[in-house]
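Read through the structure below, which is laid out as structure tokens, and then see the notes.
Proteins get letters first, then strands, A, B, ... in listed order; numbering begins at 1 in each.
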Amino acid sequence: MPIDIDIAKVARLARLALSDEELDLYRAQCEVVLEHAALVQALPTEGVEPTSHPLRRTNAFREDVVTECLDTEEVLAQAPDRDGNYFRVPPILEEP
Amino acid sequence: MKFEPVIGIETHVELTTASKMFCGCPVEFGAPPNTNVCPVCLGLPGALPVVNHTAVEYAMKIGLGLQCEIAPHSVFSRKNYFYPDMPKNYQISQYDLPLCIDGYIDIETDEGSARVGITRVHMEEDTGKSTHLGAGGRIGAGSQTLLDFNRAGVPLMEIVSEPDLRSAVQARAYAEEVRGVVKRLGVSDVKLEEGSMRFDANISLRPEGASTFGTKVEVKNMNSLRSVQRALEYEIKRQAAVLEAGEEVVQETRHWNEEDGTTAAMRSKEEAFDYRYFPEPDLVPIAVDEAWRSEVASGLPELPAQARERYRAQGLEPTTAGLLSREVDLGRVFEDAVGAGADARTVANWLTGEVTAWLRKESLLLPDSHLDGAALAELEAMVGAGDLSATAAKDVLGGVLSGEGRPAEVAESRDLIQVSDSASLEPAVDAVLAANSDAFEKLKSGDHKVMGFLIGQVMRSTGGKADPAAVTRIINERAG
Amino acid sequence: MTDLADLTLSEATSGLQGGEMTAVELLEAVHRRATMTEAQLHAYLNIDRPGAARAAVAADSALGKGAAVSKLTGIPVALKDNLVTRGLETTCSSKILAGYLPPYDATVVGRLREAGSVIVGKTNLDEFAMGSSTENSAYGTSRNPWNPERVPGGSSGGSAAAVAVGSALAALGSDTGGSIRQPASLCGIVGMKPTYGLVSRYGLIAFASSLDQIGPLTRTVTDSVTVLEALAGYDPADSTSHPGAVPDFRAGLERGVAGLRIGVVSELSGEGIDPQVQAAVARMVTSLEGEGAKVTEVSLPSFEYALSAYYLIAPAECSANLARFDGVRYGLRRDGDTVEEMMANTRAEGFGPEVTRRILLGTYALSAGYYDAFYGQAQRVRTLILNDFDSAYGQVDVLVSPTSPTTAFEVGARATDPLAMYMSDVCTIPSNLSGHPGISVPVGLDDAGLPIGFQVMAPALGEEVLFQVAAEVERIAGFSERPALANSRADI
Ligand SMILES: [Zn+2]
């Protein structure tokens with residue numbers, strides 16, 4: 001199955017600022033891998049339920065109990081940029 | 001051409017569990033920034049979520065309160081998009097297999113009653129909070145953004161309605177009813193101003209009688225019940241004008257601006273509709289069997305619709321009954337007062353009138369005041385016994401609310417006890433009749449129009465404490 | 001006199017508990033071995049000398065008091081650098097996490113500390129565990145102790161090399177598509193991937209959450225059991241953790257294989273398997289038969305699709321798991337005028353080519369219109385693989401195959417051909433898709449003097465029989481050769 005990836009769109013979705021040369025290289029490589037991976041489509045799977053967990057466990061819960069939080073200073077010490085007790089980032093342009 | 005609005009509402013509700021959806025950090029409003037955080041809710045490498053059992057039960061309660069089916073098998077999914085206040089850059093949510101499906105609520109407005117379908121109720125996690133520095137705190141204009149992750153991971157329920165609403169008034173009634181249900185269930189503090197309950201609307205217009213849908217617009221940022229109605233009224237007019245001009249409505253998200261009363265298009269990202277959902281591999285499915293479902297169902301309190309029925313049966317007007325059923329604190333005091341023997345309509349009118357106005361003025365909630373059902377019943381009994389005038393009763397109510405004491409104490413200290421025994425009133429009446437002999441003569445000759453004037457004079461001379469009924473009786477005796 | 005760095009874990013345990021040596025002496029021997037070999041091997045990203053010294057002193061104190069100690073008390077253990085360690089730099093071999101100091105310990109790290117083991121340091125890996133050679137590390141390639149021109153395998157290549165050469169007595173790795181078993185095979189040691197859910201993943205920096213599992217790399221099967229005993233068991237912090245009883249890993253070690261039914265996987269023999277590897281595996285199967293096992297050939301047709309399914313599922317999960325690395329809260333940041341640009345610049349700069357490629361693959365496979373054809377279909381294929389395993393385990397107790405189709409290949413040989421590299425995991429991937437346990441045991445050397453690994457697979461929670469067979473394989477093979485680098489003596 002020939003695969004044709006809009007690699008620039010995928011890179012935007014994945015938040016990766018790649019050059020045109022990089023995009024070309026990755027598109028070629030991804031297409032090769034996907035063509036191989038697309039072999040899965042040859043297998044008839046009608047009526048087969050997908051497995052997303054190898055162990056079929058359900059209802060793993062925790063009780064609604066408050067536990068200790070991290071030390072704010074230890075957390076913010078890892079921040080690339082901060083302002084007091086806040087993480088600081090460049091301005092946001094888009095709504096979520 | 002006449003257009004019919006088609007409106008659906010998405011409601012987000014933060015739950016008042018003790019801890020967050022997937023970690024043990026406290027759910028708390030107003031804590032110092034980045035203090036209620038841990039590896040899980042900060043999305044630190046290696047951390048894993050674990051579902052809060054109580055949050056699931058709260059979600060089931062909301063579903064049951066909205067007459068939904070509880071899915072025997074539901075799963076969490078990852079909703080992928082990048083946003084700096086969302087630590088993992090995906091939100092754990094539910095997608096194709098939500099916890100609750102296919103419910104409804106009934107609403108009543110001046111336009112009549114309507115049944116509104118509930119498509120689904122699902123569980124997810126809230127994001128952190130962004131503060132945009134500079135340019136009035138608006139997105140896209142500031143110089144920097146500050147991030148606080150205390151809210152990240154707070155249990156968030158999304159309630160999605162069917163597009164069954166046909167007017168802004170209905171939309172508001174729907175929002176009020178959903179809020180009332182959630183409030184009665186006691187699973188959220190439903191504070192719109194603090195964002196613990198948020199409404200977004202999808203709205204399109206179509207020619208009246210048409211069965212297809214028009215292009216829909218999403219309206220966000222409606223921070224009060226009133227703004228739900230205002231925003232949709234505005235949007236209906238705006239879309240109608242667009243259509244009447246022969247143009248097409250653009251599918252977009254619009255932001256309601258409370259100050260200038262308009263909606264404006266938001267800059268939306270290109271990939272907004274490619275969330276790449278897939279089942280959350282760090283969590284296992286939720287299986288609800290009949291035993292669990294019925295255990296939760298049996299613990300449900302009375303819902304607004306049922307309370308409203310009872311209140312109507314007690315002789316209350318539909319709007320009064322509706323308000324008391326949704327505002328569970330008012331409803332509780334009402335029931336306590338009636339239980340203590342008070343007249344239902346009088347007490348209900350006080351609660352929806354003076355009491356609500358006072359609470360709004362003071363920005364308080366009923367439990368923060370000093371009013372309870374026993375006090376209301378006592379007050380109502382004093383009016384019934386003629387010890388207080390209706391006007392004085394409202395005065396006393398204010399005193400009770402602000403903690404001046406029991407009704408009798410407040411009436412006493414404010415000197416509002418009504419005088420109704422003849423022996424005390426006769427001298428005052430006689431003095432007024434003597435001073436206004438012309439009017440008294442007219443009365444005696446059958447001109448009853450002057451009665452009000454004479455009573456008013458007695459009330460004035462007694463400083464408003466005379467019982468008008470007793471005064472009337474004495475004047476009638478004197479007139480023979 | 002034996003260099004202490006050449007002891008197996010169980011030899012060291014008896015030495016420590018018998019008072020023949022101290023934990024500090026053992027650690028010093030391991031440090032000397034590291035000093036001699038690291039320049040060539042680069043097994044470690046970071047050796048925590050002060051932390052290890054404190055732990056060794058504490059272990060000696062516990063041992064000296066005759067207090068209740070565990071088999072791991074005083075044992076130097078290395079950690080793959082995708083396991084978070086409080087206050088100890090954890091990078092996943094990625095530039096994007098350079099300098100990152102986690103504020104908490106992974107559950108397995110906590111369990112090792114409680115058991116009294118001495119954490120030597122953090123070992124090299126393919127960036128975010130994506131690779132089969134440890135060449136995809138932002139901090140340099142690790143080398144194979146048997147021949148430094150060759151790769152140690154991956155992604156737990158640093159852990160495998162360290163244990164093989166003696167710069168740790170045991171190590172932890174993670175196995176998403178063979179990342180413990182394949183490097184163990186290439187380095188001539190024992191590498192074991194437990195049943196999914198048996199060991200908590202809390203604190204393992206996720207690659208593909210539904211496939212990742214932590215396990216031990218050791219010199220012997222018994223040592224593998226000893227480490228796994230410390231790691232395994234329910235962890236409420238991991239929702240996918242197995243809440244039931246833990247199998248008795250040790251029970252079958254002396255039992256032999258008489259009467260056991262062993263299935264040879266047809267799809268994992270013949271074509272694509274190096275003839276010398278094939279021959280070694282066949283010889284071992286014959287020997288097992290000689291010890292009384294009933295050997296049959298078993299076909300699992302869906303295995304043909306396992307690699308394809310894996311290369312859809314793993315990238316898809318990784319594309320979401322790695323979204324959190326955005327320059328906001330920790331790690332690398334590259335500036336931008338807007339937060340969107342900052343994130344995109346940071347990620348482009350911080351991730352290496354293999355990670356970038358897999359993120360792109362996964363993003364595409366999940367994006368609108370492709371989910372069902374790719375990810376959805378792969379998850380259904382996974383069900384078929386599970387079904388094939390189930391029916392195979394209706395006929396046999398364990399399945400066997402080579403661990404890796406080849407022995408260690410040369411550094412750079414597969415670096416430019418992703419598909420060729422991905423083929424390295426063809427024998428190990430099915431157990432990740434099924435969540436079943438697997439183990440690689442060294443059975444000999446090829447003509448080039450490179451180790452060959454033999455893989456045993458068992459059903460979910462079948463660790464008892466897995467170790468039973470592995471122990472017999474180990475006994476039969478009598479593999480006692482040591483890599484040349486390990487023989488560079490400390491006392492020279
Ligand atoms: Zn938390």
Polar contact flag, side-chain donor to acceptor under 3.5 angstrom, [X]-[Y]:
{"X": "Asn257(B)", "Y": "Thr263(B)", "result": "no"}
{"X": "Glu158(B)", "Y": "His12(B)", "result": "yes"}
{"X": "Asp189(B)", "Y": "Ser196(B)", "result": "yes"}
{"X": "Asn34(B)", "Y": "Asn85(A)", "result": "no"}
{"X": "Glu28(B)", "Y": "Asn36(B)", "result": "yes"}

Pick from [options]: which one has the most heavy-atom pairs with chain B under 4.5 Å?
{"options": "Glu68(A), Arg62(A), Arg88(A)", "value": "Arg62(A)"}
{"options": "Thr67(A), Asn59(A), Thr72(A)", "value": "Asn59(A)"}
{"options": "Ala79(A), Gly84(A), Ala60(A), Pro50(A)", "value": "Ala60(A)"}

| Does Ala297(B) offer a backbone N or O that forms a donor-acceptor pair with the side chain of Ser294(B) under 3.5 Å? | no
| Where the side chain of Asn221(B) meets the backbone of Trp256(B), is there a donor-acceptor pair that is under 3.5 Å apart? | yes
Region of [X] that comes under 4.5 Å of a non-hydrogen atom in chain A:
{"X": "Leu283(B)", "value": "backbone"}
{"X": "Thr127(B)", "value": "neither"}
{"X": "Phe22(B)", "value": "backbone"}
{"X": "His255(B)", "value": "side chain"}
{"X": "Cys23(B)", "value": "backbone"}
{"X": "Pro26(B)", "value": "both"}

| message | Taking side chain as everything from C-beta outward and backbone as N, CA, C, O, which of these in Val65(A) sits under 4.5 Å from a heavy atom of chain B? Side chain, backbone, both or neither. | response | backbone
| query | If you count heavy-atom pairs under 4.5 Å with chain A, which of Val288(B), Val284(B), Val56(B) comes out on top? | reply | Val284(B)
| Which residue, Lys220(B), Lys216(B), Arg254(B), forms the salt bridge (charged side-chain N to carboxylate O under 4.0 Å, His left out) with Asp200(B)? | Lys220(B)
| query | Are Arg293(B) and Glu57(B) within salt-bridge range, i.e. N to O under 4.0 Å? | reply | no
| query | Below 4.0 angstrom, N of the basic side chain to O of the carboxylate: do Lys20(B) and Asp126(B) qualify? | reply | no
| How about residues 87-99 of chain B versus chain A: which residues have heavy atoms under 4.5 Å apart? | none
| For the side-chain contact (heavy atoms from CB on, under 4.5 Å) test, which of Met157(B), Arg151(B), Met21(B), Met197(B) pairs with Glu14(B)? | Arg151(B)
